[in-house]
Amino acid sequence: MKKTAPELLQKEKKERDFSLPELPDAEKGKVITRFPPEPNGYLHIGHAKASIVDYEYAKMYNGKFILRFDDTNPENVALEFFDVQKEDLRWLGIEWDEEYHTSDHLEKHYKLAEKLIKQKDAYVCVCHSDAIKDGRFQGKECDCRDVSNEKNLYLWKDMISSSVEGAVLRLKGDMKSVNTAMRDPTLFRIIDKPHPLLGDKYRVWPTYDFAGAVEDSLSGVTHPFRTKEYELRDECYFRLLELLKLRKPHLMEFARLSIEGMPVSKRKIKPLIDQGKVSGYDDIRLPTLRGLKKRGILPETIKQFVFSQGISKAESSAAFSLVEAINRKLLDSAAKRYFFVQDPIKLVVDNAPSMKKTISLHPTDEKLGSRIIKTDNIFFVPKTDMKNLNIGDVFRLKDLYNIMITKKNKEINAEYAGEELIPDSAKIQWTAEKVIKMIVFVPGLLYENDNYNPNSLEKVEGFAEDAVSQLETGEIVQFERFGFVRIERQNNNIIGFFAHK
RNA sequence: GCUCCCGUAGUGUAGCGGCCAAUCAUCACGGCCUCUCGAGCCGUAGACUCGGGUUCAAAUCCCGACGGGAGCACCA
């Protein structure tokens, strides 16, 4: 064997398959998934996970993907976010086959609620919320539970048509269930606040438990995903569908996606914005899609990152460096290279030849073009590099020529030392006399060990080479020996947002 | 407190009874390459929480402990 087929003895290097695992009970062409955001804010990396998984599964099975706005709490929903969220999804590269609002189906929900009441599976509860809470905690039923269904129906109609206050419709579950989610959960409640789409047409709104289950079933979704914290509500989800004689989808849960030091919840972000600690929902330190975009993270990076995390239920907090590594690889082949000199010091080169040097914008891909830099005897170089060099040392202005340091003061003096590349000499990025003054914002971790980090945003000032003035907003380039930076034009200035090394 | 879920290298993941002396990425370290401290290439180091059980065979199944997370809303 060794002689005839030695390759069979060699252990093959196994390749990791990064695609999603097969779905249970899934048939090509028949899988329907859905992404159901509440239009109450900007989408973040957690939403990205959910929407990408939903979308990719539909694609994988040639199925259908539905975008459903779960807008059944007028207190949370704001008009602007329907479009905001769609924009965020499009940026991610997600397309949906169908789009609707849960609020479109309220009449249907009312009918189903009525059915439950008639079946004695739901009742109107007029207890105070504290009393409900208490009863739930102690596993005690309240008197509303025993009301006849004629009266319940009457009360329900009253809720809808507006004379009753503070009543809710509850599922007749099991107040003694070990699963507290089954202790007669609330299905509908009164919210007297105009809905951004429907005004004050309705005042009775379904809760998540009811709307989520009913919509998944009615819209034909076969494989709905949700995050793990809903797991205890599965029982309620299926009970409801059973009582309503509705089809039961194959419900699945996965762990929330979180990134170390980057808060995802509005509860945490909102105060930071209000206190001016971050600039807004698109702050480059935030894991919002807008923040990530502004910083130069590509949609494809997010997709690959989500895939790499998988859909298990094991909770974890990934380091952002994993995102950076993916992004860097994607960017490396496409990003133009420029010189940016951080904390510059003036460099005067005696007997410097005046040159018009053509330097390519990418080390290997010529298609990305080149720029011509006019040089005379004045340059700028990074101060920190000069600290490590002494008089007599020779280094190279990268892609230009060598120089030898002759004097170190407030500025550096040097003399021309030939054009030929000296092996192992330091190559330092530089600018000619004509520069673009710019600021690069460098994000750090917003939270360190759960504490807000006041120094999470660094402002780096420096000079960029003149060619940078030609760049457009949104271009991501690499400043050599500095890092990848997304360019933005603001007024007459050019500023940069640091993505990563 | 009660209930549920989870527990694989520093980090994140794959594996879910034999092919595991455990995958891949990242990180760290070493080398090669390169007119960037980037990318690429090669290599080294590093893990199945613990204790019982089932089985010819367990990271994989069962029980228990420990650790982490979640739920106990008229929010999703």
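FYI, side chains are in, hydrogens and waters are out, and symmetry mates aren't considered; it's all heavy atoms of this structure. Quick caveat: nothing in here was measured; it's all calculated off a predicted structure. Each chain gets a letter, A, B and so on, in the order its sequence line appears, and its residues count up from 1.
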Using atom [atom1] in both nucleotides, what's the gap between [N] and [M] to the nearest angstrom?
| N | M | atom1 | value |
| --- | --- | --- | --- |
| B:rA14 | B:rG51 | C1' | 27 Å |
| B:rG30 | B:rC63 | P | 48 Å |
| B:rC35 | B:rA28 | C1' | 28 Å |
| B:rU8 | B:rG68 | C1' | 15 Å |
| B:rG1 | B:rG40 | P | 49 Å |
| B:rA70 | B:rU54 | P | 37 Å |
| B:rU44 | B:rC5 | P | 41 Å |
| B:rA47 | B:rA25 | C1' | 15 Å |

With a 4.0 Å cut-off on heavy atoms, is [X] in touch with a base, just the backbone sugar-phosphate, or nothing at all?
| X | result |
| --- | --- |
| A:Ser317 | sugar-phosphate |
| A:Arg136 | sugar-phosphate |
| A:Glu229 | sugar-phosphate |
| A:Asp385 | base |
| A:Cys236 | nothing |
| A:Pro185 | nothing |
| A:Ala181 | nothing |
| A:Asn179 | nothing |
| A:Arg328 | sugar-phosphate |

Worksheet item: Is A:Thr186 near enough to B:rC74 that one of its side-chain N or O atoms lies under 4.0 angstrom from OP1 or OP2?
Response: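 A:Thr186 to B:rC74 OP1/OP2: side-chain N or O found under 4.0 Å.
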
Item to complete: Examine B:rU13: is either OP1 or OP2 under 4.0 Å from a nitrogen or oxygen in the side chain of A:Ser316? Give yes or no.
Response: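 The answer is yes; a side-chain N or O of A:Ser316 sits under 4.0 Å from OP1 or OP2.
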
When you get a sec, tell me which of [options] is the closest nucleotide to the side chain of [X]?
| X | options | answer |
| --- | --- | --- |
| A:Leu322 | B:rG71, B:rG12, B:rC35 | B:rG12 |
| A:Ala319 | B:rU11, B:rA14, B:rG38 | B:rU11 |
| A:Lys427 | B:rC74, B:rG71, B:rU36 | B:rU36 |
| A:Gln309 | B:rA70, B:rG38, B:rG12 | B:rG12 |
| A:Phe137 | B:rU36, B:rC74, B:rG1 | B:rG1 |

Discussion item. I'd like to check the ring pair (Phe, Tyr, Trp, His ring centres under 6.0 Å) partners of A:Phe254; sequence neighbours left out, ordered by chain and number.
Written reply: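 If we apply the ring pair (Phe, Tyr, Trp, His ring centres under 6.0 Å) test to A:Phe254, skipping adjacent residues, the hits are A:Phe225.
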
Discussion item. The criterion is ring pair (Phe, Tyr, Trp, His ring centres under 6.0 Å); which residues satisfy it with A:Phe482, sequence neighbours excluded?
Written reply: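 Ring pair (Phe, Tyr, Trp, His ring centres under 6.0 Å) check on A:Phe482 returns A:Phe340, A:Phe498.
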
Is it the case that the base of [N] and the side chain of [X] share a donor-acceptor contact (distance under 3.5 Å, atom types as modelled)?
| X | N | answer |
| --- | --- | --- |
| A:Gln478 | B:rU36 | yes |
| A:Glu315 | B:rG68 | yes |
| A:Tyr230 | B:rA76 | yes |

Practice prompt. Please lay out, stage by stage, how A:Arg337 and A:Asp332 fare under the test salt bridge (Lys or Arg N to Asp or Glu O under 4.0 Å).
Written response: CA-CA 10 Å; A:Arg337 314 292 147 120; A:Asp332 191 73; 3.4 Å; yes

Discussion item. Both A:Gln429 and A:Lys313 contact RNA chain B. Taking the nearest nucleotide for each, which residue is further toward the 5' end?
Written reply: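 Its nucleotide being nearer the 5' end, the pick is A:Lys313.
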
Worksheet item: Starting at the 5' end of RNA chain B and moving along, which residue's nearest nucleotide shows up first, A:Lys228 or A:Arg396?
Response: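 Counting from the 5' end, the first nearest nucleotide belongs to A:Lys228.
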
What is the distance, to the nearest angstrom, from the [atom1] atom on [X] to the [atom2] atom on [N]?
| X | N | atom1 | atom2 | result |
| --- | --- | --- | --- | --- |
| A:Glu324 | B:rC27 | CD | P | 9 Å |
| A:Phe479 | B:rA39 | CZ | P | 18 Å |
| A:Asp134 | B:rA73 | CG | P | 11 Å |
| A:Phe307 | B:rA14 | CZ | P | 13 Å |
| A:Phe210 | B:rA73 | CZ | P | 21 Å |
| A:Glu253 | B:rA76 | CD | P | 17 Å |
| A:Leu257 | B:rU11 | CG | P | 17 Å |
| A:Ile428 | B:rU36 | CD1 | P | 12 Å |

Discussion item. Between A:Asp70 and A:Arg34, does any side-chain N to carboxylate O distance fall below 4.0 Å?
Written reply: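 Looking at A:Asp70 and A:Arg34, the cut-off is not met.
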
Worksheet item: If you measure from the Lys or Arg side-chain nitrogens to the Asp or Glu carboxylate oxygens, is any gap between A:Glu215 and A:Arg68 under 4.0 Å?
Response: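 Looking at A:Glu215 and A:Arg68, the cut-off is not met.
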
Item to complete: List the steps and the verdict of salt bridge (Lys or Arg N to Asp or Glu O under 4.0 Å) for A:Glu114 and A:Lys157.
Response: CA-CA 9 Å; A:Glu114 212 169 283; A:Lys157 295 255 154 87; 3.7 Å; yes

Worksheet item: Looking at A:Lys336, A:Lys501, A:Lys427, A:Lys398, which hits salt bridge (charged side-chain N to carboxylate O under 4.0 Å, His left out) with A:Glu480?
Response: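 When salt bridge (charged side-chain N to carboxylate O under 4.0 Å, His left out) is applied between A:Glu480 and each of A:Lys336, A:Lys501, A:Lys427, A:Lys398, only A:Lys398 qualifies.
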
Worksheet item: Judged by modelled atom types alone, do A:Asn73 and A:Glu38 share a side-chain donor-acceptor pair under 3.5 Å?
Response: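 No.
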
Worksheet item: Do you see a donor-acceptor pair shorter than 3.5 Å between the side chains of A:Asp54 and A:Thr33?
Response: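 No pair is found: no donor N or O on one side chain lies under 3.5 Å from an acceptor on the other.
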
Fill in: Closest non-hydrogen atom pair between A:Trp205 and A:Ser103, with its separation
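What the structure gives for the nearest pair is CZ3-CB, 4.0 Å.
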
Worksheet item: What stem regions, each of at least 3 consecutive Watson-Crick or G-U pairs below 3.5 Å, can be found for RNA chain B?
Response: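 Runs of three or more consecutive pairs: B:1-7 with B:66-72, B:10-12 with B:24-26, B:28-32 with B:40-44, B:49-53 with B:61-65.
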
